[in-house]
Asks: 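Dumping the structure here so I can ask a few things about it.
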Amino acid sequence: MKNKNDKKLIYALGLLFLLSTQGVCAENYETWSKQALEKNGFECAAATKELELYVDEKNGVFAVRKLDSGYVWYSSPVDWEHDTKSSGFNKNALPSLLSITMKDDQGSLYPANSYVNAVKRGGLHVEKTDGGIKFTNTFKREGVEIPLYVTIEGDTLLLQVNYNEIWEDEEDVMRILDFNVAPYFGAAPSGETGYLFVPDGSGAVINFNTKSGTPYQQYIYGRDKSIIPSKVKDVTENAALPVFGMKRENGGFVAVVEHSAASAFITAEPAGQKTGYNAVSSSCIVRDFDTFTFRERTGTPRDIRIFQQQNLPDSSEYFAVRYIFLDKEHDSYADMAKAYRKYLQENDAFPKEKTLQKTSLLLNFIGAGIKKKPVAGIPADVDYPYTPFTDVPQVIEKLQHSGVGSFTVKYDGWVNGGIFGKYPSIPSPEGNLGGKAGMKNLLKYLNGNGIQFYAGADFVNLYSPDIRHIKELTANRAINRSPVKIPDYRLSTFDENTSGDAYPYWILRAPAIKTWYDRFLEKFNTLYADTGFAPDSLGNVVGSDFGKKNGLTRGGTAELFESLLKEARDAGHPLMLSRPDDYALGLASYVSDLPAQSSRFEVESYSVPFYQIVLHGYIPFANLPANRTPDPETYLLGLLESGSDPSYLWITRHPESVRDSKLQWYTNVYAGDWIDEAAALYKKIQPVLDSVAGSEIVSHTVFPSGARITLYENGVKVLTNYSGHEVTAEGLTAAPYSYAVGR
């Protein structure tokens, strides 16, 4: 016993010396051997050819050792007790495998963490399982028990919580709202260089130790569409891909929320915000809540929380996060994108064959739409033809004469009732656009010219309720049981517009969507066999139904939508999807409207084209339309940087026609104003993009100067210079706001 205590004392003194002289150094404990781990309280619990999993049962923590390098990833910082940047709850979260949020019967929120509330109070039970360990954390005072499974499979680590194993004391008023799994797994100390990756928009990097008052926190797939904010002030991007990552000095990882991503959010914090560590992790929402505002008798507004009323899921559902470890030489965000794509391919969720399609100009036309016009002297909503079928060939021929050689065409608002109009119950072309004959002639023209066509339709959003689509019966229910209504917000005050010129809409229940979608698709298969299909909202609008009867969770809705998309693909229809969430990504033949930036939150250091890196070489894609972005120079550079097709959103009728319509926010969409610019843009970038068609992006570098270099697997390098001065990098020189290409 004396010898053992002496060893502990020597280790503690050595650690204190290192802390006092040079801060925390990664090599001191991230490269421990098996013997060193065992001497410091860890026991080997499982092993594969690539990894070893160790557990410290006393403190309820674990470690993963990579056999090829000896590098060790810890569930919690080894020296967390010496962290001078944190205190109280934040400090006790460092050694915790679970951080939870609970609420009482008065709606007050209570945080807890497993180290203080379970481990230190004798509430931890550890047992070995197949391939790993089961940590059962009992929060005795809170009346909650949550088992966490930690297993290794091949070269990956899996963290999993089964919903039906979560126990709550029925006699207690406390109920769990959410839990964070391993919040400080792999956390890097402030003395280290590296960054966190988050999937905001196109993707974003948070450099270690970034000075910011607010951590990054973002819901995967965006906020639940059935939880409506009272105000919308900030326009932000969504996190469409359930991934996050970390690059440290001696290796990195990319983590995938592989199950229940629709119930998850991602948190990232640089050192100095809450603790002395840089960390990124994911959390799972068990019960959601909404905030409602009412006025007291004095007229003072007051916000109250209304919580989702449901018991814990009694099923085989679970929350799971898989960590994929990356070597020191291949741990950039580009390598994370490659590892994520490989993960999807291994799970048959992404194409394995390279695309043969070269650069094309994506033209997204808006057909018919609702517009207020006087009828017998009374303003009324009528269907207005913004782009008749016969206009599309004329636009294409003008572009062809100007040198554009390849096109992809999407057409929204072609169904009877137009865009933002009647629900697409049947695939009947709008009469004002040219009807069935006009649609037939358009398809004949496009097919004859080898131009891929995609017919758009929105099956999730209900813009014009009618006798067959009664919102009180068919719309999702909010937490307060009312039909989910998406308001029209005022730009001046950011709150709901309740005037007569407002255009609110509703989100349909998933079972109702399936009923109408199946009817539509059956007839679409007959009338337009093999025609491209673009049911965008099935790939990017996911909401819960909080109704008591037959209400689908957000995850259940995503699964149903995925099955509906598979129906169309299996029927022979190529699919175009607008910035799809990951459940729909692998089903797309073409992806449109990708963001070129992140939300640019204060905590983020810079945006990166992570989403585009995942796709390039396998699925053709286009960034946001050029005429919907403010800076043409930056737009062009963004296309070259990410290998994206150019795109435009157009109507062919006079631009004044969008006034007094649901398209009134669609400015700069008149095709006649953009023909020459579109042709010039295409001709400028087409040779560069064609040279890298079907080629993966193998690296991407952001320089402090404002320049960026994209390297493709065929050796082509593209330097894009977003700065106001000339930049030279890796043998290439680019003038201000210009680019250079080489090998």
Asks: Is it true that E713 and K354 have a side-chain N and a carboxylate O under 4.0 angstrom from each other?
Replies: yes
Asks: Measuring centre to centre across the rings, with the benzene-like ring taken for any Trp, is Y411 within less than 6.0 Å of F389?
Replies: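 Yes, the ring centres sit under 6.0 Å apart.
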Asks: Atom NZ of K523 and atom OG of S428: how far apart are they, to the nearest 0.5 Å?
Replies: 9.0 Å
Asks: Check this for me: does any side-chain nitrogen of one of R579 and D593 sit under 4.0 Å from a carboxylate oxygen of the other?
Replies: no
Asks: Is E604 paired with R600 through a side-chain N to carboxylate O contact shorter than 4.0 Å?
Replies: no
Asks: Stepwise, does the side-chain contact (heavy atoms from CB on, under 4.5 Å) test hold for L508 with V460?
Replies: CA-CA 6 Å; L508 281 187; V460 178; 5.9 Å; no
Asks: Mind running side chain to side chain donor-acceptor pair (under 3.5 Å) on Y670 and N627 for me, showing each step along the way?
Replies: CA-CA 9 Å; Y670 177 52; N627 56 318; over 6 Å; no
Asks: Rounded to the nearest 0.5 Å, what separation is found between the CG atom of N623 and the CG atom of D645?
Replies: 9.0 Å
Asks: Could you tell me the separation between the OH atom of Y682 and the OG1 atom of T359, rounded to the nearest 0.5 Å?
Replies: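 Separation between the atoms: 6.5 Å.
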Asks: With side chain to side chain contact (heavy atoms under 4.5 Å, CB included) as the test, pick out the partner of F197 among V254, I206, V243.
Replies: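 Output: one option passes, namely V243.
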Asks: Would you call the rings of Y583 and Y221 parallel, tilted or perpendicular if under 30° counts as parallel and over 60° as perpendicular?
Replies: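 Perpendicular: the ring planes of Y583 and Y221 meet at over 60°.
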Asks: Once you round to the nearest 0.5 Å, how far does OG1 of T355 lie from CZ of F621?
Replies: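 That separation rounds to 10.5 Å.
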Asks: In sequence, state the C-alpha distance, the side-chain angles, and the governing distance for Y606 and N207, and then conclude on side-chain contact (heavy atoms from CB on, under 4.5 Å).
Replies: CA-CA 9 Å; Y606 50 87; N207 286 329; 4.1 Å; yes
Asks: Do other residues, nucleotides or ligands put more than 12 heavy atoms under 6.0 Å from the CD atom of Q400?
Replies: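 Yes, the 6.0 Å shell around CD holds more than 12 heavy atoms from other groups.
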Asks: Working to the nearest 0.5 Å, report the span between CG of L577 and OH of Y590.
Replies: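 Output value for this atom pair is 12.5 Å.
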Asks: Between L663 and F420, is any pair of side-chain heavy atoms under 4.5 Å apart?
Replies: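 Yes, at least one pair of side-chain atoms sits under 4.5 Å.
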Asks: Apply salt bridge (Lys or Arg N to Asp or Glu O under 4.0 Å) to D331 and K247, showing your working.
Replies: CA-CA 6 Å; D331 61 351; K247 173 182 171 59; 2.7 Å; yes
Asks: Stepwise, does the side-chain contact (heavy atoms from CB on, under 4.5 Å) test hold for K338 with E696?
Replies: CA-CA 9 Å; K338 182 178 180 179; E696 294 180 16; 4.2 Å; yes
Asks: Short question: side chain of W674, backbone of N668 - any donor-acceptor pair under 3.5 Å?
Replies: yes
Asks: Working to the nearest 0.5 Å, report the span between CG of L681 and OH of Y648.
Replies: 4.5 Å
Asks: Can S360 and S406 be said to form a side chain to side chain donor-acceptor pair (under 3.5 Å), step by step?
Replies: CA-CA 5 Å; S360 67; S406 180; 4.6 Å; no
Asks: With side-chain contact (heavy atoms from CB on, under 4.5 Å) as the criterion, how do L636 and Y739 come out once you've worked through the C-alpha distance, each side chain's angles and the decisive distance to 0.1 Å?
Replies: CA-CA 10 Å; L636 182 149; Y739 64 94; 4.0 Å; yes
Asks: Output yes when D536 and K410 qualify as a salt bridge under the 4.0 Å nitrogen-oxygen rule, no when they do not.
Replies: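 Counted as a salt bridge, because a side-chain N and a carboxylate O are separated by less than 4.0 Å.
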